[in-house]
Structures are given as structure tokens and as C-alpha cells.
> 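Next up is a structure, given as C-alpha cells.
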Number of protein chains: 2
Amino acid sequence: MNASDSISQTRAAMDEYRVAFSVDCVIFGYGKEKLNILLVECNLPPYIGKWSLLGDFIRDDEDLDSAAHRVLSGYTHVNSIYLEQVSTYGNRCRHPLGRVITTAYYSLVQVTTFEDTYTSDGLRVKWFDVDDLPGLAFDHDEILSSCYERLQKCLRERPIGFELLPKEFTLSQLRRLYEVVLNIELDKRNFRRKLKSLNLLKETEKLQEDVPHRPAKLFKFDHKQYISQMSNGLHFEL
Amino acid sequence: MNASDSISQTRAAMDEYRVAFSVDCVIFGYGKEKLNILLVECNLPPYIGKWSLLGDFIRDDEDLDSAAHRVLSGYTHVNSIYLEQVSTYGNRCRHPLGRVITTAYYSLVQVTTFEDTYTSDGLRVKWFDVDDLPGLAFDHDEILSSCYERLQKCLRERPIGFELLPKEFTLSQLRRLYEVVLNIELDKRNFRRKLKSLNLLKETEKLQEDVPHRPAKLFKFDHKQYISQMSNGLHFEL
DNA sequence: CCAAAAGTGTTAGGCCTACACCCATGA
DNA sequence: TCATGGGTGTAGGCCTAACACTTTTGG
């Protein structure tokens, strides 16, 4: 087969096998010692009244990650966004209107207020406690749980917990985050020791304010340290 | 917005944003103490003469994993196939003929002979040593390296090494496989101890044959043990 | 002075690592 | 008998996990 044959054959296949393609975002926010997920009301039969992940079809002029960012920034107004691709779902029958293949991302956002809003189409957008989720539309239950598992795995393997907290935080807040997300208990002293030994935190001069007890020191994540340590082959753990 | 509006709006979007979609497989085979990868000659400009991963456009009637299996079984004749989705690539300009989004899988196959063959189109299909790869077409270099990294990670986290070996193997063969794939050295005694403590191997009565030294015992992977241990929350490591 | 969370060290056990010699077999 | 890889045990260090009391602040 020569090159021009192969071009036309490939063109034909590309035409024949086109599918709709979307990205879906599992958006995690942390607040009041709960892990929350942002969902949108679904009004496609047969899922009317169910909730679904935030997603959209990909546009011609954007890469996958850009599409995911677009979806995110369309619904959240946040300081920083951490995005990571998880997995792609394309079962023939996963969408009632025909074949749609979707790539799922999980994202971590720093939220201060968990207020419900609406999409431009008037659909409700609402934060749900991850431990108290409604049934979801499409195969979004499956997508959500693998994203949650992935989040838990990543949280153990690298320092992404900071992405869910304000820029400055106490060690107890961080530990609590780990406990909530991983659904485990952590020893206070061991956790402090561990984190200090990792050298990923910069101590600030500031203290917690307006707390009815001894105020804790505030820390920041030291991004430079992290980069240099990782490039030296170091390994984060728990 | 009511339901029928939303149906027609979604339909319109699905029509407007259709893309070509493919799966690509990074096929790993192990032999002669080398990790090998199966590649196919590419004859699409501007990549003529380069090599590329094996892949194909997805068909209407198949799920993603089925498509990957189809690609695999089209080019390999093997005992067992281990398939795992890795990541999805969809940059606008990754394909010269237009937008193609592709989901990458890595797969482990038990190969006995690494003979070169041809596709039905007459393109060469050839095994390459993973440490001595040619430059690849499209973004396949990037895909391949993330699949290789993923393989290394998975190999440390769960017992998949067996998938690359014959059903019965010696502990030294297994250790060598780990050394080659992970590009590290492992202590013979520590490795044996570790693997025995994991209780994932069934000792057979058989011994190696036709070796010019003391023959080693042959082991099999104990799949039942693995399932029951994992469901008890146990954890594989190295 | 009371409540509430911050902050702080030590010890025991398990796990990983490093290491060297004899054994069984085929040529 | 020689060459080749098979097979085996022990000791030290490191990391982890368990555990309780004093300190600081606000009310």
C-alpha cells in the first residue's frame, strides 16, 4: 500500500468512525471537615431529576485539558485548580442519545463558600458531601468512585492535600484533611513529625486567629522545595 | 429549559462536536531478559518510515476495551493478555489528517517467539527492545513513555509480572524480569523471602530442564490466593 | 479557672538491606 | 572436576506505630 492510498483510507476511517466526545470533571472541595463534590442537575431523560458530573463536549479548537479547565472555570470561582486526568469511558450504551465517549478528570479546588448556583440553562449546581451522595445519571457513579479512589491514591503518593486548603493552614487542618479524605485516623505526633521531616512546609510567622483555644502556627506549602526534592528522586509517602 | 429542549440541544452538540477516536496499544513482551515492544511501520506522511503503536479507530458496536482487545489479537497470538487503560491523548494537532483522540492501553503478553510479521496491508510489524527504540510517529513517544512508567508503577504495586512469563517459571526468572523492567538490581535472597512471604506462588513438583546447572524449582502464580488476600485488604509491594 | 486544641519524646517491633557460602547438575 | 546458577540465614538500621502530659489561649 502506498502513502496516498493510506491517506485516503485513513481519511475514510476517520469519517466513518466519528463519535461525540466529552470531558467530565469530578470537582472536589473541602470544607467544614467534609469532602464535597460539585454536581449539576440533569434534565436528559431517562435521568431527569438525577444529578450528574460537570462536563461538556470538546470543541474543535481546544485540547483535552483545556476543555476540562473550561468546564471547571465555568462553574467555580476559585484561587487555584488542580486537574488530573483519570480515565476514559466509552461503553456503547453509556449515553441515552447515542455514543458518547468521555474522559474523566478529578480536580481539587479551594472553596470558601459552598453556595448553590445555577448553570446558564437554569440547572441547579450544588455541593454534596462525598459520604452522602445522591444516585447519579449515566455511568457517573462509576466515574465518581474511580476518581475518588484515584484521589485517595494520589493523596498518599504526593503532596496534593494543600490544593484543598487555604494557602496558609495549620498542621491540624492538614491532618484532618487526610483523615477525612482517606477515611482513617492519624496520630497527631507522628503526623507532625512526618510532615516536618519531608521539608515541604514553610512555617509562617502568623498564628491562627479567632479560635477559642491556643492558636496554632500557620504553614505554607513550599513548592520550590517540592520541585527540587522530587528532581532529586525523593519520594513522598503518606 | 425543559427536557425536550435539552434533548435537541444535546443532539445538536453531539453532531457538531464529533471527532475521530482510536485506541492505541503499547504491547509489552518479555524474552531473552529484555523487555520488548511491538510496533508497526507507519506510512502516513509526514511519518513515513517511522514506527508507531498498534491501534485502530473504534467501531460503533464495541466498547473501548473490546477495541483494544481487537487490536491486540489482530497482531499477536498469545496465551494470555493483560490489558490496562493508561491515558487519553487529544491535542488538537496530534494527527496530521485532523483531530483524532486516542486512548492508550498497555498490555502484557506471553510471547515465545519474537518473529516479525506483516499487517494485512503489508506493513511490517516488529518487536523492539525497549531500551533501543526508534523514534515514533505522532505523539507515540510520549504515549509509550507514560505507558512504560505506568507499567513500572503497576509492577511494584501488584503482581502482574507473571503475565509476561510462561505459566511456570523459576524465582530467578521472575527476579530477572523485575530487574529488567524496573531497571534495578534485586538481592536474590531478599527477593525469594519476600515473594514466599506474599504467598502468591504455588510450588510445582517440576524442575527446570535442559539447563547446564542445577535445575530450579518451577512455580505458578496462585490466582485464588491473590484474590482472597486482596479482598482481605492485603497489599502487594515490590 | 475551665475548656479546647496546640505542641512535644520515647520506646518497641517490624521491615528492609546487606552480605557469603555450600549444593546440585551438566559438560 | 569445573563452571554455572540454585538455594539458604543472620544482624543492623530505619521507619512506623503506639502512647500521655504540659502549654497556651479565649471565655
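In what follows, chains carry the letters A, B, and so on, assigned in the order in which the sequence lines appear, proteins first and then strands, with residues in each chain numbered from 1.
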> Whole Å only: how far is the NZ atom of A:Lys194 from the C1' atom of D:dC15?
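Taking atom C1' of D:dC15 as the reference, NZ of A:Lys194 is at 8 Å.
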> Please give me every residue in residues 206-217 of chain A whose heavy atoms get under 4.0 Å of an atom in DNA chain D, ordered by residue number.
A:Val211, A:Pro212, A:His213, A:Arg214, A:Pro215
> A:Arg150 versus A:Glu84: any side-chain heavy-atom pair under 4.5 Å?
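In short, these two side chains touch, coming nearer than 4.5 Å.
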> When the distance from NZ of A:Lys196 to P of C:dA6 is rounded to whole Å, what number comes out?
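Taking atom P of C:dA6 as the reference, NZ of A:Lys196 is at 13 Å.
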> Are any of the side-chain heavy atoms of B:Lys126 and B:Leu39 separated by less than 4.5 Å?
no
> Check the distance between D:dT22's P and A:Lys188's NZ and give it to me in whole angstrom.
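To the nearest whole Å, that distance equals 14 Å.
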> Separation of A:Asn190 atom CG from C:dA12 atom C1', in whole Å?
13 Å
> In whole angstroms, how far is the C1' atom of D:dT10 from the CZ atom of B:Arg193?
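About 9 Å, once rounded to whole Å.
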> Would you say a side-chain N or O of A:Ser172 is under 4.0 Å from OP1 or OP2 of C:dA6?
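Answer yes for this pair, as a side-chain N or O of A:Ser172 is under 4.0 Å from OP1 or OP2.
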> Taking the six-membered ring of A:Tyr30 as reference, does the NZ or CZ atom of A:Lys34 fall below 6.0 Å from its centre and within a 45° cone about the axis?
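Checked: cation-pi criterion not met.
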> Figure out the CZ/C1' separation between B:Phe191 and C:dC19, and round it to whole Å.
18 Å
> Can you name the nearest heavy-atom pair linking A:Val71 to A:Cys25, along with the distance?
CG1-SG, 4.0 Å
> Whole angstrom is fine here: how far is it from CZ in B:Arg175 over to P in D:dG7?
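Computing the B:Arg175:CZ to D:dG7:P distance gives 11 Å.
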> Do B:Asp187 and C:dC16 share a donor-acceptor pair, side chain to base, under 3.5 Å?
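By the distance-only test, no, there is no pair.
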> Measure CG/A:Leu186 against P/D:dC19 and give the value in whole Å, please.
15 Å
> Any chance you could lay out the side chain to side chain donor-acceptor pair (under 3.5 Å) test for A:Ser87 and A:Ser146, step after step, and finish with the verdict?
CA-CA 8 Å; A:Ser87 190; A:Ser146 36; 5.8 Å; no
> Before giving the answer on salt bridge (charged side-chain N to carboxylate O under 4.0 Å, His left out), spell out for B:Asp116 and B:Arg124 the whole-Å C-alpha distance, their side-chain angles and the decisive distance to 0.1 Å.
CA-CA 7 Å; B:Asp116 301 351; B:Arg124 282 194 292 165; 5.9 Å; no
> Give the ring-plane orientation class for A:Tyr106 versus A:Tyr82, where under 30° counts as parallel, over 60° as perpendicular and anything between as tilted.
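Ring orientation of A:Tyr106 relative to A:Tyr82: tilted.
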> Looking at B:Arg189, I'd like to know whether one of its side-chain N or O atoms comes within less than 4.0 Å of OP1 or OP2 on D:dG9.
no
